[in-house]
Student: 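Just passing along the structure, written as structure tokens.
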Number of protein chains: 2
Amino acid sequence: MITINDIAEQAGVSRTTVSRVINNTGYVSEKARKRVMDVIGETGYVPSQHAKSLRTKKTKIIGVILPKISTDTSSRTVNGMTEVFEAIGYQILLTSTNLDSEKELEHLKLLQNRQVDGIILIATNTSQALLDEIKASKVPVVLVGQQMAGVPSVTFDDYAAARHMTTLMIEKGHKHIGYIGVDEADRSVGVLRKQGYLDVMTEHGLHIEDAWIQQGDFSIDSGYDAMKRMMHESAGSLDGVFAATDRMALGAWRYIKQQGLSIPGDIAIVGIGSSETSRFIDPAMTTIEYAHAQAGAAAAEIILQILEEDKEISDKKVLDFTLVERDSL
Amino acid sequence: MITINDIAEQAGVSRTTVSRVINNTGYVSEKARKRVMDVIGETGYVPSQHAKSLRTKKTKIIGVILPKISTDTSSRTVNGMTEVFEAIGYQILLTSTNLDSEKELEHLKLLQNRQVDGIILIATNTSQALLDEIKASKVPVVLVGQQMAGVPSVTFDDYAAARHMTTLMIEKGHKHIGYIGVDEADRSVGVLRKQGYLDVMTEHGLHIEDAWIQQGDFSIDSGYDAMKRMMHESAGSLDGVFAATDRMALGAWRYIKQQGLSIPGDIAIVGIGSSETSRFIDPAMTTIEYAHAQAGAAAAEIILQILEEDKEISDKKVLDFTLVERDSL
DNA sequence: CTGAAAGCGCTTACAG
DNA sequence: CTGAAAGCGCTTACAG
């Protein structure tokens with residue numbers, strides 16, 4: 001392996017000088033700089049990041065913790081971050097918790113040991129343990145998807161989105177609207193979206209049967225099962241279903257189709273997420289689109305600001321949503 | 001920051017001894033080990049990976065180069081790798097080329113500077129420049145999706161898969177079969193799949209109009225456009241289309257539906273890839289499934305063998321495919 | 001069973 | 001404008 005010493009020797013300067021030209025810092029005579037550059041060019045020398053990190057305590061690596069790597073949401077978010085980071089030479093160290101929230105804690109620790117400069121956590125819950133770990137973190141953490149006191153984050157306006165969608169359903173003449181949600185440990189998806197639905201229903205004086213509120217686990221199959229339960233247990237007047245995510249809506253869609261019912265004639269079905277599949281099914285699903293790439297980019301920018309400008313930031317950036325009206329409502 | 005020196009001091013031993021207990025190497029008396037462990041427990045000390053890497057030249061980080069992060073294929077592949085790596089404490093440094101093959105070279109260099117232990121490259125072409133860079137690499141590289149002389153790889157049997165699908169179409173009574181492919185710089189997708197189609201057609205003495213062979217660029221829209229061109233330029237007897245990827249097949253499907261044609265009644269349409277969407281559209285698409293997660297896992301295992309067992313491996317692992325028969329053929 | 005010492009490849013005051 | 005030297009936090013022969 002070729003080191004800074006080799007370059008210094010071949011260029012006939014000290015390694016201090018070599019370091020200066022590499023990092024473009026301090027004064028170096030044009031002559032010396034050129035000699036060093038030439039030798040670097042000839043040898044193809046690249047500085048050891050480890051040695052450098054050991055000294056400077058900086059790595060230019062950002063740890064990213066995802067709930068699951070193979071989802072539309074994750075990959076779009078990471079994509080957005082990548083664009084921002086790549087331009088300035090940062091790289092991403094990726095870990096996935098595979099939906100195991102214990103692992104969020106574990107990975108948070110792991111990444112710090114790796115001496116990443118910062119961590120972006122696509123969070124699925126807001127537990128106290130998680131908050132504690134974040135507060136204790138030696139490196140800045142920014143949250144995506146959830147908000148926590150004193151922690152910078154970028155989220156979508158889940159409550160407003162759910163309100164908007166529910167209102168739209170009512171405006172279109174639906175009155176007996178069911179809801180497929182997720183566990184409330186997930187504040188954004190589990191609590192806020194549901195609350196939006198509940199509040200709008202109440203404000204319109206609309207009754208909600210117990211059977212109309214079901215819970216899934218984000219998977220397509222769980223949406224299918226939830227829909228099935230809802231139909232079986234319901235008194236029968238159901239004319240619309242709002243699922244907290246497109247994947248669960250897709251499962252519900254599937255069950256309804258299998259029953260030979262018409263969408264939206266018999267039952268309207270809508271989701272949130274704007275997945276690719278939701279666009280191609282028949283009827284194409286009305287949904288709400290979140291700009292995940294933009295969220296990723298925003299998170300990247302926040303962490304960069306903290307790192308490079310050494311700012312104390314605890315911004316909570318809330319991104320807007322856009323309604324995608326198609327044919328299932 | 002708390003270091004090995006602090007631990008040594010508090011435990012009343014030398015840092016040599018601390019290092020020994022951390023790494024479970026050499027002799028340490030039970031008493032000393034316990035004291036050290038206790039102090040580590042109390043302090044929450046974690047060794048600096050950089051210092052360690054600087055000495056050992058190992059990082060336990062694998063660089064992964066993807067063509068595009070937000071695709072089904074990529075995320076499934078990465079998922080498969082993650083499972084293997086996670087179990088033994090390796091992590092993944094992810095970079096995406098965003099379909100820019102220049103960047104494959106660039107990232108190959110970049111990752112080496114990051115001192116990754118190895119690189120997994122999800123390749124989209126087999127250019128000489130790429131091969132040269134791989135050969136010159138200081139760390140082992142394993143290829144996914146393409147084969148190159150002397151480089152370990154895991155691929156799918158694209159030629160056999162295309163043959164299989166084309167044969168099936170013919171058996172189902174289709175004779176006028178078009179093909180939507182991609183650029184031939186991509187040997188696996190561009191050349192082998194097309195060759196499978198061509199050979200089977202020839203063997204059955206089936207004629208192929210010029211207009212029946214079109215090219216896309218992997219995107220849904222390009223499949224749509226290719227299908228449109230095919231229909232416009234064709235003499236009219238077309239009764240089936242085989243697209244090299246599900247996404248392009250999806251685009252083609254869309255165009256055919258828009259024309260009010262029946263699938264597979266008027267035209268059958270099939271793809272390769274088994275994307276989620278292909279399962280939910282109407283009619284559900286017949287396709288070929290590749291076990292991407294398994295490919296990722298296989299690649300991870302190969303690189304681990306090279307790294308941990310110090311073997312010289314240039315295995316070419318070829319994974320099988322499975323036909324997913326649905327309703328579009 | 002244990003420790004002193006050298007060294008991994010850098011950067012950064014400090015002195016000139 | 002330049003260099004000698006210290007030091008970042010580890011591991012690993014070597015000697016005892």
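A note on names: the letters A, B, ... follow the listed sequences, proteins ahead of strands, and every chain is numbered from 1.
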Student: Is A:Thr17 near enough to D:dG3 that one of its side-chain N or O atoms lies under 4.0 angstrom from OP1 or OP2?
Tutor: yes

Student: When the distance from CG of B:Asn5 to P of D:dG9 is rounded to whole Å, what number comes out?
Tutor: 8 Å

Student: In whole angstroms, how far is the P atom of C:dT2 from the CD atom of B:Glu30?
Tutor: 10 Å

Student: Heavy atoms under 4.0 Å is the rule here; annotate nucleotides 11-16 of chain C 5' to 3' with B where the base is hit, S where only the sugar-phosphate is, and - elsewhere.
Tutor: BBB---

Student: Tell me the interatomic distance from A:Lys57, atom NZ, to D:dG7, atom P, rounded to whole angstroms.
Tutor: 14 Å

Student: With a 3.5 Å distance limit and no angle check, can you tell me whether A:Thr126 reaches the backbone of A:Met148 through a side-chain donor-acceptor pair?
Tutor: no

Student: So which atom in B:Val13 and which in B:Ala32 form the shortest heavy-atom distance, rounded to 0.1 Å?
Tutor: CG1-CB, 4.5 Å

Student: Looking only at side-chain N and O atoms, does A:Ser14 come under 4.0 Å of OP1 or OP2 in D:dT2?
Tutor: no

Student: Side-chain N or O of A:Ser48 less than 4.0 angstrom from OP1 or OP2 on C:dG9?
Tutor: no

Student: If pairing requires Watson-Crick or G-U wobble contacts with both distances under 3.5 Å, which nucleotide is the partner of D:dA4?
Tutor: none

Student: How far, in whole Å, is C:dG9 from C:dA13 if one measures between their P atoms?
Tutor: 23 Å

Student: Would you please say whether a donor-acceptor pair under 3.5 Å links the side chains of B:Gln128 and B:Asp132?
Tutor: yes

Student: For residues 31-71 of chain A, which residue pairs qualify under ring-ring contact (aromatic ring centres under 6.0 Å, His included), counting only residues two or more places apart or in two chains?
Tutor: A:His50-B:His50

Student: If I take atom CD in residue A:Gln49 and atom C1' in nucleotide C:dG9, what distance separates them, rounded to the nearest angstrom?
Tutor: 12 Å

Student: For A:Leu54 and C:dC10, what is the distance between atoms CG and C1' respectively, to the nearest whole Å?
Tutor: 8 Å

Student: For residues B:Thr124 and B:Glu104, is any side-chain donor paired with an opposing acceptor at under 3.5 Å?
Tutor: yes

Student: Both distances under 3.5 Å, Watson-Crick or G-U wobble: report the partner of C:dA13, or none.
Tutor: none

Student: Using side chain to side chain contact (heavy atoms under 4.5 Å, CB included) as the criterion, point out the one residue from A:Val21, A:Thr43, A:Ile22, A:Thr17 that pairs with A:Ile7.
Tutor: A:Thr43

Student: Give me the distance, rounded to whole Å, that separates D:dA5 from D:dC1 when you measure between the P atoms they each carry.
Tutor: 24 Å

Student: Could you walk me through whether A:Asn125 and A:Ser127 satisfy the side-chain hydrogen bond (donor to acceptor under 3.5 Å, both in side chains) test, starting with their C-alpha distance in whole Å, then the side-chain angles of each, then the deciding distance to 0.1 Å, before giving a yes or no?
Tutor: CA-CA 6 Å; A:Asn125 71 284; A:Ser127 74; 3.2 Å; yes

Student: Please state whether the phosphate of C:dT2, meaning OP1 or OP2, lies under 4.0 angstrom from any side-chain nitrogen or oxygen of B:Ser29.
Tutor: yes

Student: Tell me which residues in residues 31-46 of chain A lie within less than 4.0 Å of DNA chain D, going by non-hydrogen atoms.
Tutor: A:Ala32

Student: Between B:Glu106 and B:Lys103, is there a side-chain N and carboxylate O pair less than 4.0 Å apart?
Tutor: no

Student: Parallel, tilted or perpendicular: which fits the ring planes of A:Tyr290 and A:Phe156, with parallel below 30° and perpendicular above 60°?
Tutor: parallel

